[in-house]
Structures are given as structure tokens and as C-alpha cells.
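Notes follow the structure.
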Amino acid sequence: MRSLGLVVALSLAFVLVAFPAAARSIDDPTWDSPRWPKNTLTTSPLMLVGAFNLQYERAITERIALYAGPLYLNWDIDDLELDLWMVDFGARFFASGQAPEGFFVSPGVMLAFGTVDDEPVRGSGWLATFLFGYTWLLDRTFDISVGIGGAYVGFDKIEAKILPFGRAAVGAAF
């Protein structure tokens, strides 16, 4: 029964990727149209959990966008204290919609500077992230994006760990 669900899910994913919507009106432009936003600028509304960020995203094709931006983390998770400034960059591959809107998978890398367990990190800290998420463009001007996944944390002074990682962002599309 479990394998039947997997086959149905994979078939649905294939249909969503292989057969995108063919025709659109002027009010629902294609990716090639100058009316379709190619850029987003977002920040996290979840500052209470100790993550502050600003992220710029640029759609380079109908299905691929690149992003980069600064991020500050102040976390205490699983006996691991992080107080870090990071540079975050990666890609989003859109399986539905047209970049920068729709369902995406997103690998990324963060380079970190700051302290881990009160020990300085100087160019030797990094995180590799992988997210599944969705971005909505409301009226092609307002961006809401969510995602969930994991982060592999690699630092010289601590044992490597895999931690939960997420995205919750709001901002502007242009």
C-alpha cells in the first residue's frame, strides 16, 4: 500500500512538472513577459526564534532562481549555542509555477562567522541546507514563502550535526 502511494505521488509530481499551463492572459503573464516579476527581496517575520535575515532572489529561467543575503542566528539547540553572522546563497528549483513562484526544492550553503558554544569561528564554519517549500506572489508584488528541511552544520570545534531548518519569509516581488 505504501508503494502505491509513492507511485501516485511521483506520477502527480511528473504531471505537474512536465505539463505546465499552456496559455495565460495579460493578467496572468508568462515568465517571458516584462509584467512577470523576476526578483524578490524578503525577510523573516520569525525574529522571535533568533533568526534575522535579508535575502535577494533572482529568477534566471522559468524554473530556476538564485538567492543570496546576510543572516544572523542566535540559537540554543541540542546543547549547541550559535551566535553567528552568515552569508547565505543557493538556488531554488521550481517544480510548479514559474520562478520565483510555486513549489521548490532548494539546496544552499551558508558561510559563518561568530561563536559556537562561546568559541570563535573564523572562516571555518558552514552550513549546507536543503529545503522543500512554496512561494506565493500575491498580485505579483507581495512575496510569501515557506519551507522546511534540514541543515548540516560543520565547524572545526564541534561534532558535525544535522539540524532541522526552515524558511518563513515575506517581502516584495519586482
Side-chain angles (χ1 to χ4, degrees), residues 2-3 5-17 20 39-114 116-117 121 124-138 142-155 158-173:
R2 188 179 278 172
S3 62
L6 179 61
V7 168
V8 169
L10 289 174
S11 298
L12 182 58
F14 175 76
V15 168
L16 288 173
V17 172
N39 306 286
T40 67
L41 187 62
T42 58
T43 189
S44 175
L46 301 177
M47 292 181 247
L48 296 176
V49 298
F52 305 90
N53 75 329
L54 187 64
Q55 192 173 86
Y56 172 74
E57 179 179 12
R58 170 72 181 172
I60 59 171
T61 72
E62 186 174 353
R63 298 283 183 204
I64 300 171
L66 302 177
Y67 67 86
L71 173 71
Y72 174 72
L73 288 181
N74 189 340
W75 284 353
D76 188 359
I77 299 176
D78 293 336
D79 299 325
L80 177 66
E81 291 181 34
L82 300 173
D83 186 22
L84 300 171
W85 282 97
M86 295 190 279
V87 177
D88 179 16
F89 55 94
R92 292 196 179 95
F93 300 95
F94 289 84
S96 70
Q98 49 192 15
E101 180 181 55
F103 174 76
F104 64 82
V105 294
S106 178
V109 174
M110 298 180 184
L111 303 178
F113 304 90
V116 175
D117 291 334
V121 175
S124 61
W126 57 273
L127 287 84
T129 62
F130 192 82
L131 294 174
F132 296 94
Y134 199 92
T135 298
W136 294 268
L137 298 183
L138 306 177
F142 188 71
D143 179 301
I144 299 174
S145 185
V146 294
I148 190 159
Y152 178 83
V153 182
F155 294 100
I158 64 169
E159 180 181 334
K161 293 186 178 204
I162 296 177
L163 300 173
F165 197 77
R167 172 174 170 76
V170 295

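When a residue number appears, it is its place in the shown sequence, counting from 1.
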_Where P100 and L137 come nearest, the two heavy atoms and their spacing_ = CG-CD1, 4.1 Å
*With the side chain counted from C-beta on, respond yes when L111 and F89 share a heavy-atom pair under 4.5 Å apart, and no when they do not.*
yes
_Straight-line distance of Y56 OH to L66 CG, nearest 0.5 Å_ = 9.5 Å
*asked:* With a 4.5 Å cut-off on side-chain heavy atoms, are T43 and N53 touching?
replied: yes
*CZ/F93 to CZ/F104 distance, rounded to the nearest 0.5 angstrom?*
12.0 Å
*Separation of L84 CG from M110 CE (nearest 0.5 Å)*: 10.5 Å
*Taking the side chain as C-beta and beyond, is there a heavy-atom pair between Y72 and D83 under 4.5 Å?*
yes
*Do any N or O atoms from the side chain of T129 and from the backbone of P107 form a donor-acceptor pair under 3.5 angstrom?*
no
_Heavy-atom pair with the smallest gap, counting every atom of A168 and P45_ = O-CD, 3.1 Å
_Taking the ring centre of each residue, are W136 and F142 less than 6.0 Å apart?_
no
*Grab the two heavy atoms, one from G166 and one from L131, that are nearest each other, plus how far apart they are.*
CA-CD2, 4.0 Å
_With a 3.5 Å distance limit and no angle check, can you tell me whether S44 reaches the backbone of A169 through a side-chain donor-acceptor pair?_
no
*Which atom of I64 lies closest to which atom of T61, heavy atoms considered*: N-OG1, 3.1 Å
_According to salt bridge (charged side-chain N to carboxylate O under 4.0 Å, His left out), does anything in residues 90-113 pair up with another residue at least two apart or in another chain? List the pairs._
E57-R92
_Separation between CG of L127 and CG of L71, rounded to the nearest 0.5 Å_ = 9.0 Å
*Looking only at heavy atoms, what is the nearest atom pair of A91 and Y67, with distance?*
N-CE2, 3.4 Å
*Count the heavy atoms belonging to other residues, nucleotides or ligands that lie under 6.0 Å from CD1 of I60, then report whether that count exceeds 12.*
yes
*asked:* If I compare all heavy atoms of Y134 with all of S96, which pair ends up nearest, and what's the gap?
replied: CE1-OG, 4.1 Å
